[in-house]
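I have placed the structure first, in the form of structure tokens, so that the comments after it can refer back to it.
Since we're looking at a predicted model, the values are computed, not measured.
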Amino acid sequence: MKCKVLLTGKNNSAIDDFFIHMNDNIEAITTSCRYEDIIKHIKYFVPDVFVYCLFDETADDFNKLPLIKHRLSENKIPFILLGAKKECDEFERITFNIPDLILYKPITATLIQEKIVKFLKGWKYGDSKETAGQPEDAPLKNKEPVMTKDTVQPQQRKHILAIDDNSLMLKVIKEHLHGKYDVATAISGKVAFKFLEHKQTDLILLDYEMPDENGPAILAKLRSNEATKDIPVIFLTAISERDKLQKALVMKPQGYLLKPIDPNKLLETIAQHIG
């Protein structure tokens, strides 16, 4: 039975190889780099593996990848990155811990096919770390969280409120933090303030760009309220324009993190403020 591969990315020659040279063991289909297209293909094509064919992408192209990775993980679908080592290294630096396997080019179509099939056999039986560790592959990362709920006693756990209009992003944040912190989520400032009327939080992660009421507007309300004015606030933003970031920093948040979120950087930044 052929393995089903969902392909995306800007490396058209690599994508062509899947259709021209890998018909024996692989059934391939392509999708655009748009988040909505990828999610629909995951749902209706139900791939065995997702392959990102990397070529000349920018940081902006990766903004939705943590959400895509979350959806893939929910469906137990591995993420394979295919590209030149320099570009793969840059991808790793920006996205952090997304690929389950990296295949460096140059590599033949035959070898790509062999490695994917072998990796999927290991993935299916929980032994992918050994089956994929060929010289051309980047080493697989430890997918277990650094911390678990058992490592921190319940009475010691601090509380974090994450505010973002994207429910999938909230799930990703919760996944990154649940091992060390108790996390509540809100899809708007209105929901967040309703929560804060009855409960306390130690730190707020606040999305910068949201409809109706954006991050700076919510921060202004927090600072004007005696009960919430001292809560540390960290902006989460995909915005790279200097003027907008400077406007946010004038309001004196405790900091900001760029999306896609680096889990280690997120934990490190939070720990600086609440331990």
Say you draw a straight line from OG1 of Thr228 to NZ of Lys221; how long is it, rounded to the nearest 0.5 Å?
11.0 Å
Is the cationic atom of Lys85 (NZ for Lys, CZ for Arg) positioned less than 6.0 Å from the six-membered ring centroid of Tyr104 and within 45 degrees of its normal?
yes
Does a sphere of radius 6.0 Å around CD in Gln200 hold more than 12 heavy atoms from other residues, nucleotides or ligands, not counting ones at 6.0 Å or beyond?
no
Hydrophobic cluster partners of Ile187 (side-chain heavy atoms under 4.5 Å)
Leu170, Val191
Taking atom types as modelled, find out whether Asn75 and Ser73 have a side-chain donor-acceptor pair closer than 3.5 angstrom.
no
Within a reach of under 6.0 Å around NZ of Lys2, are more than 12 heavy atoms found that belong to other residues, nucleotides or ligands?
yes
Could you check whether the rings of Tyr52 and Phe79 sit parallel, tilted or perpendicular, using 30° and 60° as the cut-offs?
parallel
Please name the residue in the list Asp230, Ile218, Val233 that meets the side-chain contact (heavy atoms from CB on, under 4.5 Å) test with Arg223.
Val233
Could you pull out every donor-acceptor pair under 3.5 Å between side chains of residues 38-51 and any protein atom, sequence neighbours left out?
unit_1	atom_1	unit_2	atom_2	d
His41	ND1	Thr31	OG1	3.0
His41	ND1	Asp37	O	2.9
Asp48	OD2	Lys4	N	2.6

Apply ring pair (Phe, Tyr, Trp, His ring centres under 6.0 Å) to residues Tyr181 and His273 and explain how you reach the verdict.
CA-CA 13 Å; Tyr181 301 102; His273 298 288; over 10 Å; no
Among residues at least two apart in sequence or on other chains, which ones pass side chain to side chain contact (heavy atoms under 4.5 Å, CB included) with Ser224?
none
Exam field: side chain Glu57 to backbone Lys10, donor-acceptor pair closer than 3.5 Å
yes
Rounded to the nearest 0.5 Å, how far apart are CD1 of Ile160 and CD1 of Ile274?
4.5 Å
